[in-house]
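Here's the structure, in structure tokens; my notes come after.
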Amino acid sequence: MPELPEVETVRRRIAPHLPGKQLIATRLGAPKLLEIGDLDALTGLAFLPPERIGKYLLLPLCGAREMTLVLHLGMTGQLTYAPADAEVSDRFRRLPSGYQKPLGVHSEDRHTHLVLALSDGSRLLFRDPRRFGRILSLETADRLSTPRLSRLGPDALGIGDKEFARRFRDTQGRRNVKTILLDQSFLAGIGNIYADESCHTAGIHPTTLGQDLGKLRLERLAQAVAEALGRGIQNAGTTFRDFVHPDGSHGSNQEDLRVYARSGKPCLRCGTILVKSVVAQRGTVACPKCQK
DNA sequence: AATTCGCCCTGTCGGC
DNA sequence: TGCCGACAGGGCGAAT
């Protein structure tokens, strides 16, 4: 599931390919994914450097008008970049689970819902088997007032410990730590994987009520979030099955996870068997001993 | 008014 | 082997 580190990885890797190129055509295979706006309004415009807010990827364009194409990759979204001379590969790689993942730049298939044709003959392909992703075409000037983006809190990357603590204390209600971390209006970008990882690193159980965290543990949580996200970006994202880089390669953070997907395995810190439960309607893995 | 629930979606996997 | 239900879950709108 693409969270902040995965989307940031995509942003960084498409960034060198876009600026200066024009968007000359679009093809929308799944109209329902376009939530707001009109793709035709984007054609003829030139790409500016891509941006990111939380899990949203923003592709600003300029020219006759200033527009931004906003993408949310949902659960299984993949944004790939096919250079003009790209060799299309329909080979698959068999993962240990038996799942077959496309290898390299793949040809368009029934899950490819948006194709952007660039002026140099290259293409951006948005593929999303589960179709939880969303596409928005917005005027750049008021893009932040669109409902989805206006609800977002500050980006979770680069938030300072003090600001983290201040916002955390301001969140109303008797909510547990995991619910708060997943709340995109608190901080934008944290999803299920990095919420669990952050809690483990901080030594805090996900079901702990937010109001029960003292100053010290709150500071540890802020640092743990920064560490988990930073490590995710360093490892170029977490690939279980669906997440791929724009060139079809994959991240390595799945090899560096402490708790997520490690239910029943020993805690890397204390050796206790990790326990899976449901918190905030999400599968949650934690160490019963060193997360209190 | 805060919180939970149901829904959207498809591929994968375990059980029988 | 094959069918089927359960599961994965981000975000929104409806219900509680």
Side-chain angles (χ1 to χ4, degrees), chain A residues 1-8 10 28-36 52-58 70-79 92-102 106 109-114 126-136 145-153 155-156 168-199 206-207 209-211 229 232 237-244 254 257 259-264 276-285:
Chain A
M1 52 237 67
E3 305 178 25
L4 188 155
E6 288 72 36
V7 180
E8 176 64 13
V10 170
L28 182 64
K32 284 183 75 172
L33 295 197
L34 178 61
E35 188 170 275
I36 295 178
R52 182 191 55 74
I53 305 176
K55 304 173 193 173
Y56 290 86
L57 182 67
L58 280 58
V70 179
L71 297 177
H72 192 294
L73 301 182
M75 290 286 300
T76 56
Q78 308 169 336
L79 186 69
F92 287 81
R93 187 171 68 91
R94 181 170 283 273
L95 298 175
S97 66
Y99 181 86
Q100 299 205 333
K101 195 169 78 63
H106 215 62
D109 65 4
R110 70 192 193 93
H111 297 305
T112 307
H113 306 309
L114 177 66
F126 179 46
R127 183 175 184 275
D128 182 15
R130 218 168 292 180
R131 290 196 246 175
F132 273 27
R134 286 296 178 266
I135 303 165
L136 293 76
S145 36
T146 200
R148 277 184 179 257
L149 299 185
S150 68
R151 280 195 274 266
L152 296 178
D155 193 78
F168 196 95
R169 290 202 189 88
D170 284 348
T171 58
Q172 299 297 308
R174 293 172 53 82
R175 300 195 295 171
N176 60 48
V177 170
K178 176 151 180 178
T179 302
I180 295 169
L181 290 178
L182 290 175
D183 180 356
Q184 302 298 296
S185 71
F186 164 58
L187 291 182
I190 302 169
N192 203 33
I193 296 175
Y194 296 95
D196 277 10
E197 292 301 308
S198 300
C199 286
T207 55
L209 290 183
Q211 61 191 19
L229 295 176
T238 304
T239 299
F240 276 110
R241 43 183 54 163
D242 297 296
F243 173 67
V244 295
Q254 64 280 3
L257 296 174
V259 283
Y260 186 86
R262 294 197 64 248
S263 158
K276 182 163 188 174
S277 63
V278 176
V279 182
Q281 284 83 246
R282 303 279 183 275
T284 301
V285 184

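Lettering follows sequence order; numbering is per chain, from 1.
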Going by the angle between their ring planes, with limits at 30° and 60°, are Tyr260(A) and Phe240(A) parallel, tilted or perpendicular? tilted
Please determine if a side-chain N or O atom of [X] lies less than 4.0 Å away from the OP1 or OP2 oxygen of [N].
| X | N | result |
| --- | --- | --- |
| Tyr260(A) | dA8(C) | no |
| Arg151(A) | dC12(C) | yes |
| Arg282(A) | dG10(C) | yes |
| Arg110(A) | dG11(B) | yes |
| His111(A) | dG11(B) | yes |
| Arg175(A) | dA2(B) | no |
| Lys276(A) | dA8(C) | yes |

Among residues at least two apart in sequence or on other chains, which ones pass salt bridge (charged side-chain N to carboxylate O under 4.0 Å, His left out) with Arg52(A)? Glu8(A), Asp155(A)
Is there a donor-acceptor pair under 3.5 Å between the side chain of His113(A) and the backbone N or O of Asp128(A)? yes
Among the nucleotides dG10(C), dC9(B), dT4(B), which one has an atom lying closest to any side-chain atom of Lys55(A)? dG10(C)
Selected nucleotide, minimal atom distance to Tyr56(A) side chain, candidates dG10(C), dC12(C), dG11(B): dC12(C)
What does [X] touch in the nucleic acid at a heavy-atom separation under 4.0 angstrom: a base, only the sugar-phosphate, or nothing?
| X | value |
| --- | --- |
| Gly283(A) | sugar-phosphate |
| Gln184(A) | sugar-phosphate |
| Met1(A) | sugar-phosphate |

Quick check: any donor-acceptor pair below 3.5 Å linking the side-chain of Arg130(A) to the base of dA8(C)? yes
End axis versus end axis in the helix from dA2(B)-dT16(C) to dC16(B)-dG2(C), the angle rounded to 10°, five pairs used at each terminus: 60°
For Tyr56(A), ring pair (Phe, Tyr, Trp, His ring centres under 6.0 Å) partners two or more places apart: His72(A)
Within the stacking criterion (centroid distance below 5.5 Å, interplanar angle below 30°), does Phe132(A) stack on dG9(C)? yes
